[in-house]
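Here the structure is laid out as structure tokens; the discussion comes afterwards.
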Amino acid sequence: MSPRESAPGGNDHRGQRPERGDGSRRNARGHERNRRGLAERQRSAAAPSRRTRGADPARLAAFETLRAVSAEGAYGNLVLPGRVRAHRLDRRDAAFATELAYGALRRQGTWDAVLARCVDRPLDRLDGAVLDALRLGVHQLLAMRVPDHAALDRTVGLVRAEIGAGPGGLVNAVLRKVAAKDLAAWTAELEAEAPDETARLGLRHAHPAWQVRALRQALVAHGRDAGELEALLEADNAPPVVNLVALPGLGELDEALGAGARAGELVPGSALSSGGDLHRLASVRAGGVRVQDAGSQLVARALVAAGGDVAAGEHWLDLCAGPGGKAALLAALADAHGARLTANEVAPHRAELVRRALRPVPARAWEVRTGDGREAAALLGGRPAAEAGFDRVLVDAPCTGLGALRRRPESRWRRTPRDLAELGPLQRQLLRAAADVTRPGGLIAYVTCSPHAAETLAVVEDVLRERADLEAVDALGPVREAALPGALEGERDPGLSRDGGPATVQLWPHVHGTDAMFLALLRRR
């Protein structure tokens with residue numbers, strides 16, 4: 001049974017909405033549902049004594065996740081695992097909660113457009129908790145294999161238990177209006193009023209229109225066909241497979257593979273998890289095996305693979321290390337090569353996350369510093385870079401995160417075009433600061449989890465134009481060396497060479513199954 005058909009607290013999640021070939025919503029007896037009068041639609045179809053008045057744990061975990069995202073600015077992928085453990089959900093219920101929470105976050109813009117046609121007031125005048133509950137209800141009705149009666153009854157029960165009886169009536173009435181049409185009918189209605197094809201794609205695939213334009217431009221800028229746009233948007237909406245990495249010399253994947261994971265297809269020492277609460281694995285709890293996107297693994301390994309063999313005693317720097325995923329892999333690789341990593345993070349609380357991530361790695365291989373990456377020169381203690389500089393520097397720059405929308409679905413609704421203008425100067429300042437602390441002959445990896453040319457190619461080209469002491473070097477060769485043999489050939493070739501110059505690398509969700517990670521390699525002359 002698939003996760004979508006799992007049944008927390010009973011069998012009311014099972015089954016698929018019966019539909020006739022002509023698109024009508026008649027049940028097995030031929031009666032068309034949701035055609036009741038207004039008075040009846042405003043309350044549950046069940047008798048008062050039989051209405052659900054509590055919140056089942058799976059839906060409650062999803063609701064709490066949406067509330068943390070909406071009210072606290074949290075990231076769903078960081079909140080939900082804790083809620084799953086707190087409610088002690090089994091594997092099937094955890095899968096249902098994951099699909100419900102991430103799906104509602106991912107499609108929030110489209111669901112809000114549907115709700116705007118069913119609510120008698122602007123959505124921003126609704127209580128935030130009520131709006132989040134409605135989003136969960138819409139996602140069940142239009143995008144999950146949950147029978148209408150179960151979606152309505154359980155969502156209203158959650159609202160009554162967590163918000164109050166009054167809002168329960170509103171939610172019941174609104175969701176009955178939503179249930180009167182299926183997803184195809186709602187999509188057609190919304191698209192019919194969209195001003196252009198970009199807006200239609202945004203509604204169909206739940207992306208803001210500006211991001212649809214940005215991703216189309218990014219494909220072209222990095223040498224791919226603009227015709228891949230819909231495949232990219234669809235990949236953003238597909239639930240991502242959880243990627244694992246075994247820290248070299250510290251972790252083994254045997255336990256994960258025995259629990260149903262399969263070997264990764266892109267990076268050595270990686271696996272693709274079958275799902276569930278990975279914290280239950282002893283190897284994950286110990287820290288030797290970590291959750292990390294294969295694209296992040298690949299760019300970190302490529303920095304180590306670049307420039308020939310690593311010399312014993314090298315000193316590496318992760319300039320923007322929080323929350324510590326790439327730093328942990330780099331530190332493990334540093335220890336294996338007799339090198340040492342300094343992990344720098346500007347925010348003290350994120351620096352503590354970096355320390356936690358690095359604890360499985362022998363302390364001889366790393367240290368954590370707290371400071372502004374733009375002032376990286378302080379790490380040299382007043383000594384010149386030729387004497388005290390770093391041999392390899394990772395600049396995992398803050399960015400819009402447009403390459404990680406499948407893992408951080410709420411980001412698409414938080415980000416605006418203004419963020420590009422605000423982040424651009426910071427990205428350039430960090431890359432300049434990295435160059436200042438790199439020893440002559442040392443390497444810099446500029447990395448973003450965004451394919452937008454304003455955050456990738458333009459940043460690198462601007463800094464190269466300013467700095468005569470920097471030169472671009474080929475990133476494709478080291479990436480291929482770091483990947484499994486043949487994994488990046490043919491249509492999966494991620495390299496782009498402009499005017500015959502050294503190649504940069506851009507990974508894509510719809511091509512490589514990774515976040516859309518960008519990598520450029522530079523050397524200080």
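Reckoned from all heavy atoms, side chains included, excluding hydrogens, waters and symmetry mates.
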Practice problem: Report the C-alpha separation of Arg340 and Trp366 in whole Å, then their side-chain angles, then the decisive distance to 0.1 Å, and conclude whether the side chain to side chain contact (heavy atoms under 4.5 Å, CB included) test is met. | Solution: CA-CA 5 Å; Arg340 181 172 174 79; Trp366 58 270; 5.6 Å; no
Quiz item: Run the side chain to side chain contact (heavy atoms under 4.5 Å, CB included) check on Val354 and Arg350 step by step: do they pass?
Solution: CA-CA 6 Å; Val354 176; Arg350 285 171 62 87; 5.6 Å; no
Quiz item: Step by step, would you call Leu303 with Trp316 a side chain to side chain contact (heavy atoms under 4.5 Å, CB included)?
Solution: CA-CA 10 Å; Leu303 176 58; Trp316 304 349; over 6 Å; no
Practice problem: Could you walk me through whether Asp56 and Leu158 pass the side chain to side chain contact (heavy atoms under 4.5 Å, CB included) test, one step at a time? | Solution: CA-CA 7 Å; Asp56 67 82; Leu158 183 150; over 6 Å; no
Practice problem: Could you give me the CA-CA distance, side-chain angles and deciding distance for Asp372 and Arg374, then say whether salt bridge (Lys or Arg N to Asp or Glu O under 4.0 Å) is met? | Solution: CA-CA 5 Å; Asp372 190 331; Arg374 293 170 293 184; 2.9 Å; yes
Exercise. Evaluate salt bridge (Lys or Arg N to Asp or Glu O under 4.0 Å) for Glu352 paired with Arg359, printing each intermediate quantity in order.
Key: CA-CA 11 Å; Glu352 181 56 32; Arg359 280 173 188 161; 3.1 Å; yes
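The backbone N or O of Gln292 sits nowhere less than 3.5 Å from a side-chain atom of Ser296 that would complete a donor-acceptor pair. The backbone N or O of His205 lies less than 3.5 Å from a partner atom in the side chain of Asn237, making a donor-acceptor pair. Side-chain atoms of Asn243 come within 3.5 Å of backbone atoms of Val241 as a donor-acceptor pair (strictly under, hydrogens ignored). A distance-only check finds no donor-acceptor pair linking the side chain of Ser70 to the backbone of Arg67 [under 3.5 Å]. Arg285 places a side-chain N or O within 3.5 Å of a backbone atom of Arg280 that can act as its donor or acceptor partner. Panel note: side chain Glu367, backbone Thr342; no donor-acceptor pair is recorded below 3.5 Å. The main-chain N or O of Arg492 is found under 3.5 Å from a side-chain atom of His512 such that the two form a donor-acceptor pair. Checked by atom type and distance alone, the side chain of Glu314 pairs as donor or acceptor with a backbone atom of Ala311 at under 3.5 Å. Listed for the Gln297 side chain is no donor-acceptor partner under 3.5 Å among the backbone atoms of Ser270. The main-chain N or O of Ala306 is found under 3.5 Å from a side-chain atom of Arg392 such that the two form a donor-acceptor pair.
One distance of note links CG of Leu105 with CZ of Arg107; it measures 12.5 Å at 0.5 Å rounding. The CG atom of Leu457 sits 5.0 Å away from the OG1 atom of Thr504 when rounded to the nearest 0.5 Å. With values rounded to the nearest 0.5 angstrom, Leu272 atom CG is found 4.5 Å from Arg262 atom CZ. Here the straight-line distance linking atom CG of Asp474 with atom CZ of Arg480 works out to 8.5 Å at 0.5 Å rounding. The line from CD of Glu375 to CG of Asn344 is 10.0 Å long, rounded to the nearest 0.5 Å. Separating the CZ atom in Arg83 from the OG1 atom in Thr98 is a distance of 13.5 Å, to the nearest 0.5 Å.
Residues Val245 and Val289 form no side-chain contact, since every pair of their non-hydrogen atoms from C-beta on lies 4.5 Å or further apart. Two residues are said to be in side-chain contact when any heavy atoms from C-beta on lie closer than 4.5 Å; Thr370 and Glu345 fail this criterion. A 4.5 Å side-chain heavy-atom check between Asp93 and Pro57 finds every atom pair outside the cut-off. At least one side-chain heavy atom of Trp210 sits less than 4.5 Å from a side-chain heavy atom of Leu420. Contact check for His349 versus Pro323: no side-chain heavy atoms found under the 4.5 Å cut-off. At least one side-chain heavy atom of Pro451 sits under 4.5 Å from a side-chain heavy atom of Leu215. The side-chain heavy atoms of Pro398 and Leu426, taken from C-beta on, include a pair separated by under 4.5 Å. Looking at heavy atoms from C-beta onward, Arg439 lies out of side-chain contact with Phe390 at the 4.5 angstrom threshold.
Of the listed residues (Asp436, Thr438, Asp469), just one forms a side chain to side chain donor-acceptor pair (under 3.5 Å) with Arg524, and that residue is Asp469.
Remark: Arg408 is not positioned above the aromatic ring of Tyr102, lacking an NZ or CZ atom under 6.0 angstrom from the ring centre and at most 45 degrees off the axis.
Taking all atoms of both residues into account, the shortest heavy-atom contact from Ala55 to Ala161 is N-CB, 4.0 Å. What you find for Ala433 and Gly373 is that their closest heavy atoms are CB-O, 3.3 Å. Taking every heavy atom of both residues into account, Val395 and Ala434 meet most closely at CG2-CB, 3.4 Å. Nearest heavy-atom pair across Ala376 and Leu319 is CB-CD1, 3.7 Å. Counting all heavy atoms, side chain and backbone alike, Gly389 lies closest to Leu380 at CA-CD2, 4.0 Å. Scanning both residues, Ala94 and Leu89, for their nearest heavy atoms gives N-CB, 3.9 Å.
Around atom CZ of Arg525, more than 12 heavy atoms belonging to other residues, nucleotides or ligands sit under 6.0 Å away.
Side chain to side chain, Glu455 and Thr448 fail the donor-acceptor criterion of an N or O pair below 3.5 Å. A donor atom on one side chain and an acceptor atom on the other are not found under 3.5 Å apart for Gln140 and Arg154. Residues Glu234 and His510 bring no donor and acceptor atom of their side chains to less than 3.5 Å of each other. Ser283 and Glu252 share no side-chain donor-acceptor pair at under 3.5 Å. Counted by atom type alone, Asp419 and Thr400 present zero donor-acceptor pairs between their side chains at under 3.5 Å. Of the N and O atoms on the side chains of Trp508 and Gln506, not one donor lies less than 3.5 Å from an acceptor on the other residue.
Using a 4.0 Å cut-off between charged side-chain N and carboxylate O, Asp293 and Arg406 make a salt bridge.
Remark: Arg412 pairs with no residue by the salt bridge (Lys or Arg N to Asp or Glu O under 4.0 Å) rule, at least two apart or across chains.
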For residues 516-523, which side-chain donor-acceptor pairs fall under 3.5 Å, sequence neighbours excluded?
none

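Residue pairs that meet the salt bridge (charged side-chain N to carboxylate O under 4.0 Å, His left out) test with at least one member in residues 325-338, sequence neighbours left out, are Lys326-Asp396, Asp335-Arg364.
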